[in-house]
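Reviewing the structure listed below.
Keep in mind it's a predicted model, so treat the numbers as computed, not measured.
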Amino acid sequence: MTNKLPKRFRIAGAIIATGAIAGMLTACSGDAKPAATPQATPISTGGEQTVNESSRIEPDDLAKAILDGEYSRIYKQLSQDFRSQVGEEEFKTIAADTTAGIESFKESSSLKLNGLDQRIWLSSSNDIGMLAAFDQDNVIVALQFQQLEQHADTDQLYTKVTYDWPMNGDWFVFWGGTNVFDNYHYAHPSQRYAYDLVQVKDGMSYEGDPGKNESYFAFGQDVVAPADGTVVAVVNDIADNEPVGVMNEKAPAGNVVVIDHGGEFSYLAHLKKGSATVKAGDQVKRGDKIGEVGNSGNSSEAHMHFQVSDGSDLFESKSIRVKWSNDLEPVRGGIVSAD
């Protein structure tokens, strides 16, 4: 059975998503610019709020509570900002209409970062996704449903070349997967199988002042060639953005190195200004340093945007699902170690 979201829910969902966690949910724009990463500043719930211990719904239990119709209990756990945008009766109607016909939800990913616990579930038929975000007090600051596009034809087509991880050490997958909730790039053929990667320590992507690039663990980390190839394009002179500030949409990829691996092209984007160590025409070997992680282009904090495409123009080519060494299958919320 294919479930269709009511129009009024799609409208309400958009309002909810642009509330307290708008920065976290920033997606690619219509012209498929690389997606921004989440804002690193603590998320406000619209004032002090506590959740009654006896009625509190744990993140693991939210999907069941939705399907069991515990809408009033869930509504009481929403943030003040959330409740200011949708009344209880409207919330109940939206939730009931949206989940009608859904037999079960299965968790697709779990992401705990910078004070938020984000969960994504897929319906049993994989055509509707549910996203929820809990703050540190278990207050629900976001709850959104979305109809999911499925692209089984390209999901099953992997790169011919096997690629190594393009950085050293442990990296946290912020965007990655084969649905738009786990990977906002998925909606755009040119970036469908792209990844956004950050470094995390003790559940945080930064330490100290979140307004400084140097506070982010990813910033300045080495980026290496994921396979042998020929460098075909390099951008190296774009300034890094201030974190959680204005992003550079005029140069969405920021500083970038593009490598031809024999008809497949890897893109290593948002590099630190001046860090590229290669130029067009250079031959690189797997593991050679090509630059450093930065915060240039359409980026709100230091991270690596990585993808492989069938052409050398990021926006005119089609992304290909990456065949990784060691049979890796990185997904949102996972940690991948290159060591």
Side-chain angles (χ1 to χ4, degrees), residues 24 26 34-40 108-118 120 159 161-178 182-186 191-207 210 213-227 240 243 253-257 259 266-272 275-277 284 286-308 319 321-339:
M24 184 188 72
T26 300
T37 48
Q39 293 185 4
S108 175
S109 65
S110 174
L111 185 154
K112 298 179 180 180
L113 182 67
N114 297 341
L116 285 180
D117 183 346
Q118 304 168 50
I120 292 171
T159 56
V161 175
T162 300
Y163 293 87
D164 287 347
W165 202 241
M167 285 89 62
N168 301 312
D170 294 340
W171 288 83
F172 186 89
V173 182
F174 190 86
W175 294 126
T178 53
D182 284 327
N183 188 2
Y184 261 115
H185 305 100
Y186 191 75
Q191 299 185 57
R192 180 156 292 150
Y193 303 106
Y195 297 89
D196 279 350
L197 311 166
V198 300
Q199 279 202 318
V200 172
K201 296 181 182 179
D202 298 323
M204 302 293 289
S205 63
Y206 67 95
E207 183 178 47
N213 282 314
E214 292 75 15
S215 297
Y216 292 79
F217 303 121
F219 190 73
Q221 295 296 317
D222 288 350
V223 179
V224 301
D240 290 286
N255 299 307
V256 60
V257 170
I259 305 173
S266 64
Y267 294 81
L268 302 111
H270 306 309
L271 298 174
K272 180 180 177 183
S275 71
T277 60
V284 293
R286 190 182 298 261
D288 287 351
K289 179 178 177 179
I290 59 90
E292 297 175 4
V293 176
N295 188 31
S296 59
N298 191 39
S299 172
S300 57
E301 75 169 77
H303 75 286
M304 166 53 50
H305 173 103
F306 177 81
Q307 67 177 81
V308 176
S319 176
R321 194 169 182 182
V322 180
K323 179 182 179 182
W324 292 102
S325 301
N326 301 320
D327 296 321
L328 291 176
E329 200 63 71
V331 295
R332 176 173 164 86
I335 293 178
V336 175
S337 177
D339 297 335

Q. Is there side-chain contact between T159 and Y193, with heavy atoms separated by less than 4.5 Å?
A. no
Q) Yes or no on side chain to side chain contact (heavy atoms under 4.5 Å, CB included) for E207 and K201, after CA distance, side-chain angles and deciding distance? A) CA-CA 9 Å; E207 183 178 47; K201 296 181 182 179; over 6 Å; no
Q. Any idea how Y206 and Y216 line up, ring-wise: parallel (<30°), tilted (30 to 60°), or perpendicular (>60°)?
A. tilted
Q: Specify the closest pair of heavy atoms between R332 and S109, including all atoms of both residues, with the distance to one decimal.
A: O-CB, 3.3 Å
(Q) Do Q199 and M167 make a side-chain contact, defined as non-hydrogen atoms from C-beta onward lying under 4.5 Å apart? (A) no
Q: Look at the rings of W324 and W165 and say which category their plane angle falls in: under 30° parallel, 30 to 60° tilted, over 60° perpendicular.
A: tilted
**Q.** K289, NZ: over 12 other non-hydrogen atoms inside 6.0 angstrom
**A.** yes
Q | Interatomic distance, M304 atom CE to E292 atom CD [nearest 0.5 angstrom] | A | 10.5 Å
Q.
Assess the residue pair M204 and N114 against the criterion (side chain to side chain contact (heavy atoms under 4.5 Å, CB included)); give the C-alpha distance rounded to whole Å, side-chain angles, the decisive distance to 0.1 Å, and a yes or no.
A. CA-CA 5 Å; M204 302 293 289; N114 297 341; 3.6 Å; yes
Q) Are V256 and L268 side-chain neighbours, meaning at least one heavy-atom pair lies under 4.5 Å? A) no
Q.
So does N255 get a backbone contact from the side chain of S296, meaning a donor-acceptor N/O pair under 3.5 Å?
A. yes
**Q.** Student check: side-chain heavy atoms of V200 and I335 closer than 4.5 Å
**A.** no
Q: Over all heavy atoms of both residues, which pair between Q307 and S319 is shortest? Give the atoms and the distance, please.
A: NE2-CB, 4.0 Å
Q. At what distance, to the nearest 0.5 angstrom, does CZ of R286 lie from OG1 of T162?
A. 7.0 Å
Q. Going through the distances and angles, do R321 and T178 end up as a side chain to side chain contact (heavy atoms under 4.5 Å, CB included)?
A. CA-CA 9 Å; R321 194 169 182 182; T178 53; 3.8 Å; yes
Q: Please check if the side chain of N326 supplies one atom and the backbone of L328 the other of a donor-acceptor pair under 3.5 Å.
A: no
Q | Side chains of V223 and K272 in contact at under 4.5 Å (non-hydrogen atoms) | A | no
Q.
Would you compute the distance between atom CD of Q191 and atom OH of Y267 and round it to the nearest 0.5 angstrom?
A. 10.0 Å
Q.
Check whether R192 reaches the backbone of Y186 with its side chain - one donor and one acceptor, N or O, closer than 3.5 Å.
A. yes
**Q.** With V284, the side chain to side chain contact (heavy atoms under 4.5 Å, CB included) member among V224, I259, V257
**A.** I259
**Q.** Heavy-atom closest contact (V161 atom, A227 atom, distance)
**A.** CG1-CB, 4.0 Å
(Q) I need the minimum non-hydrogen distance between P330 and V336, along with the two atoms involved. (A) CB-CG2, 4.0 Å
**Q.** Spatial distance of atom NE2 (H305) from atom CG (D196) [nearest 0.5 Å]
**A.** 6.5 Å
(Q) Show, in sequence, the C-alpha distance, side-chain angles and deciding distance for S205 and E301, and conclude whether the side chain to side chain contact (heavy atoms under 4.5 Å, CB included) test is met. (A) CA-CA 9 Å; S205 63; E301 75 169 77; 3.0 Å; yes
Q) Just how far is it from atom CZ of F174 to atom CG of L197, taken to the nearest 0.5 Å? A) 11.5 Å
Q. What are the two closest heavy atoms between L111 and V173, and how far apart are they?
A. CD1-O, 4.2 Å
Q: Would you kindly say whether N213 and D240 are connected by a side-chain donor-acceptor distance under 3.5 Å?
A: no
Q: Give the minimum heavy-atom separation between S110 and D117, together with the two atoms involved.
A: OG-OD1, 4.2 Å
Q.
Taking H270's backbone N and O only, do any of them form a donor-acceptor pair with S299's side chain (distance below 3.5 Å, no angle check)?
A. no
